[in-house]
Amino acid sequence: MTALPYIPRQHTADRAPVAGPRIEDHGLLGDQKGSALVRRDGTVVWLCMPRFNSPAVFTSLLGTEEHGFWQVAPASLMDGTAVPASSRRYVGNTLVLETTWVCDTGTATVRDFMVPGGGAPRLVRIVTGATGKVTMRSLLRARPGYGRTVPRITALDRRHAIDLPENEEARLWLDADAHVRVEGADLVSDFTVADGETVAFGLSRREGVDSPPPVPVDDALLQFTLEFWEAWAARCTYTGPDREAVVRSLLTLAGLIYAPTGAIVAAPTTSLPEEIGGTRNFDYRFGWLRDGAFAASALRRYGYLRETFAWAMWAAQAVSSASRLQIMFGVGGETELPERELNWLPGYEGSTPVRIGNAAADQLQVDVYGELAVEFHELALADSSWAGRLGSLVVALATELEQVWDRPDSGIWEMRGPERCFTHSRMMAWATFDRAVRTIEAGHADGPLDRFRALREKIHSEVCEQSYDSDLNSFTQSYGARELDASLLHGLLAGFLPADDKRFIGTVEAVQRELGTDDGFLLRYRTHGDEVGPDGFAGREGRFLICTGWLAEALAEIGRPDDARTVLDSLLAIRNGLGLLAEEYDPATGRQLGNFPQAFSHIAHLGATAKTASPEACGTPEPAGAKS
């Protein structure tokens, strides 16, 4: 079968043309267990269920149509006639994605969603005629195992079963209101919708090859999904400017929560490149403790204490199951995340290798202790009924950190070059002992108070002596270095110095000057182009968006609220039409880069908004035990 034509986005004259869809040309679907990405032309190009890191069934995002996809669109589009989608949006405050086509013969919409809650994981696509008559086509090409396998398909009445070679005890089931025919290893349906008519498709995954899921009632599933997300969004306590954008970022974070355990994944994708054609391609479908702490902080600030405490309990259990503080886990708490390359996939726009698993799980990253300690401490302040349990966790973190805080590590950016004494890591080690001291002083836990106080003072003095460069009037990336790093902003925001300290102000100004760009964003650090840099990689990368959020927060802290708002506006301006952000941004091509959507980037937006809004804007969160 010939490959389906893709109608590329229009690009302005100052942007380089792109052969295929941009990373930001996708919408996110999720059920708080797995995820899918839908392209502008109605094609699902990425689907992982029942879990975020399950082997993808559709993988054309990282390859070609031969690696699996599911397109539902006007037949004229698939036949080569240019009928691009006229519009797309999320329906209200939900993760139900609506795509509309206005054709010569009429108008049709497709509503795509994954069903949250219990039951069989299910992706539903409902086609509705709005005006006239539109001939539509559904073409489903399942290729399990990240596009490697052509599956066996079995027709059973009006249902079709798709075998999953990686799991002989499970199947995918396609249900449809229209006739579906088998063409080779594809499932194809041609149908027409008139005004008010609907045709629904449901793709479910079910354990047990002889036990198909119940036939779905698609209207009921749609209504349930709409009500689920609207109710979730209604709990947001924020009342300040740009509330719609805030709710969308919060919903994006909600879509990255693995509800069965409370884990939060960094992103729902793997190997979307930080540089087109480059090698900085990694699997982000796991629960980083650091990323989770940042996400939990954002959720807490905007009223979502239940989700925050669920994450904290997952993190506590995961940490207790490991022999040392592993920096990331599977969403079920798995500790083994071996990294391997899928050499049969050509990668997004030729960006290889495509990786699954993540070798950074074995790194020492000292800062993670601090990110956990800071968030556990803040949670205890938010709900005193949890103070004792969380306090004991803070003290346990500080106790373990005593053994490793002075070791060189790989740092927040997971450098794959030589380990160093990163300043940010030392600042967060200071934060760990600082929160442990405060916890013990408040009576929320017992611990060696004098010893922790002494370590807190020792680390603070060492950082100021070894990392502060008086000529630059700034702290530097690591001890004895001259390079700067945007993570310094985060370390300072954790309370290492008061905001009126000249070293705080000097570091903010130096980072903005040396790592800032004309378009208002920040690099995280300077890369070395074609040479392999200290991070272990050659090549360049885009503007790292969480760093831009930190800059906005830091500018607000040092009394420059107008500048902070300008930076925040730059961040808001590059969201796609659905309000989504990838990990990085390349202003030269006007496109997003990296895994998508990225929790870090939405956390950046939420953190900067909270810092620049009035103190009352975020409101008072509900108690963690409250029921919806």
Side-chain angles (χ1 to χ4, degrees), residues 4-12 15 18 20-30 36-46 69-114 123-139 191-201 218 222 225-226 229-230 233 242-245 247-249 251-252 255 572-582 590-592 596-597:
L4 301 181
Y6 175 72
I7 309 302
R9 275 181 74 183
Q10 296 298 312
H11 54 270
T12 56
R15 293 181 178 179
V18 180
R22 297 169 183 257
I23 288 171
E24 65 268 29
D25 281 337
H26 299 89
L28 171 70
L29 307 179
L37 292 187
V38 187
R39 206 165 60 189
R40 286 177 178 271
D41 62 355
T43 305
V44 179
V45 296
W46 181 253
F69 66 93
W70 183 12
Q71 185 172 29
V72 177
S76 56
L77 174 62
M78 300 192 190
D79 291 337
T81 305
V83 186
S86 302
S87 65
R88 65 175 184 165
R89 67 184 182 106
Y90 282 114
V91 180
N93 292 322
T94 75
L95 291 182
V96 177
L97 181 62
E98 180 181 271
T99 304
T100 300
W101 279 273
V102 178
C103 306
D104 292 340
T105 60
T107 302
T109 64
V110 179
R111 286 186 169 183
D112 294 322
F113 58 96
M114 296 177 74
L123 168 60
V124 179
R125 315 195 73 181
I126 300 179
V127 185
T128 303
T131 63
K133 291 185 178 180
V134 181
T135 300
M136 303 287 291
R137 181 175 299 158
S138 167
L139 174 52
F191 57 96
T192 299
V193 288
D195 184 8
E197 294 180 343
T198 64
V199 173
F201 298 82
D218 299 298
L222 173 60
T225 302
L226 290 170
W229 290 117
E230 288 285 3
D242 303 317
R243 188 178 191 278
E244 183 178 353
V247 171
R248 181 50 54 192
S249 279
L251 282 166
T252 304
L572 287 169
I574 63 168
R575 297 174 304 150
N576 76 357
L578 299 172
L580 303 180
L581 290 165
R591 64 186 301 184
Q592 298 187 25
F596 176 87

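Not measured: the values here are computed from a predicted model.
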What pair of heavy atoms forms the shortest contact from Trp70 to Ser138, and how long is it? NE1-OG, 2.8 Å
Please name the residue in the list Val96, Leu251, Leu95 that meets the side-chain contact (heavy atoms from CB on, under 4.5 Å) test with Tyr90. Leu95
Closest heavy-atom pair and its distance - Met114, Thr225: O-CG2, 3.9 Å
Backbone of Asn93 reached by a side-chain donor or acceptor of Arg248 within 3.5 Å: no
Working note: Arg22 + Asn576, criterion side chain to side chain contact (heavy atoms under 4.5 Å, CB included); need CA distance, chi angles, decisive distance, verdict. CA-CA 10 Å; Arg22 297 169 183 257; Asn576 76 357; over 6 Å; no
Taking all non-hydrogen atoms of both residues into account, name the closest pair between Gln71 and Asp41 and its distance. NE2-O, 2.9 Å
Look up atom CG in Leu581 and atom CD1 in Ile23, then write down how far apart they are to the nearest 0.5 Å. 12.5 Å
Work out which heavy atom in Ala130 is nearest to a heavy atom in Asp195; give both atom names and the distance. O-OD1, 2.7 Å
Closest non-hydrogen atom pair, Leu580 against Leu28: CD1-N, 3.8 Å
Phe201 vs Phe191 aromatic rings, parallel, tilted or perpendicular, using cut-offs 30° and 60°? tilted
Are the side chain of Thr107 and the backbone N or O of Thr131 linked by a donor-acceptor pair below 3.5 Å? no
Checking the side chain of Glu98 only, and the main-chain atoms of Thr109 only, is there a donor and an acceptor separated by less than 3.5 Å? no
Using a 3.5 Å distance criterion without hydrogens, assess whether the side chain of Arg125 forms a donor-acceptor pair with backbone atoms of Gly42. yes
So, applying salt bridge (Lys or Arg N to Asp or Glu O under 4.0 Å) with Asp25, which one of Arg40, Arg88, Arg591 is it? Arg40
As an exercise, state the distance from NZ of Lys133 to SG of Cys103, rounded to the nearest 0.5 Å. 14.5 Å
Contact between Asp112 and Val72 at the side-chain level, heavy atoms closer than 4.5 Å - yes or no? no
His26 versus Pro21, closest heavy-atom pair with distance: CE1-CB, 4.4 Å
Pair Leu97-Leu578, side chain to side chain contact (heavy atoms under 4.5 Å, CB included): steps then yes or no: CA-CA 9 Å; Leu97 181 62; Leu578 299 172; 3.8 Å; yes
Taking Phe596's backbone N and O only, do any of them form a donor-acceptor pair with Glu24's side chain (distance below 3.5 Å, no angle check)? no
Can you find a heavy atom in the side chain of Val124 that is under 4.5 Å from one in the side chain of Leu222? no
Do Thr94 and Phe113 come close enough that some side-chain heavy atom pair is under 4.5 Å? no
Val91 side chain reached by Arg111 side chain, heavy atoms, under 4.5 Å: yes
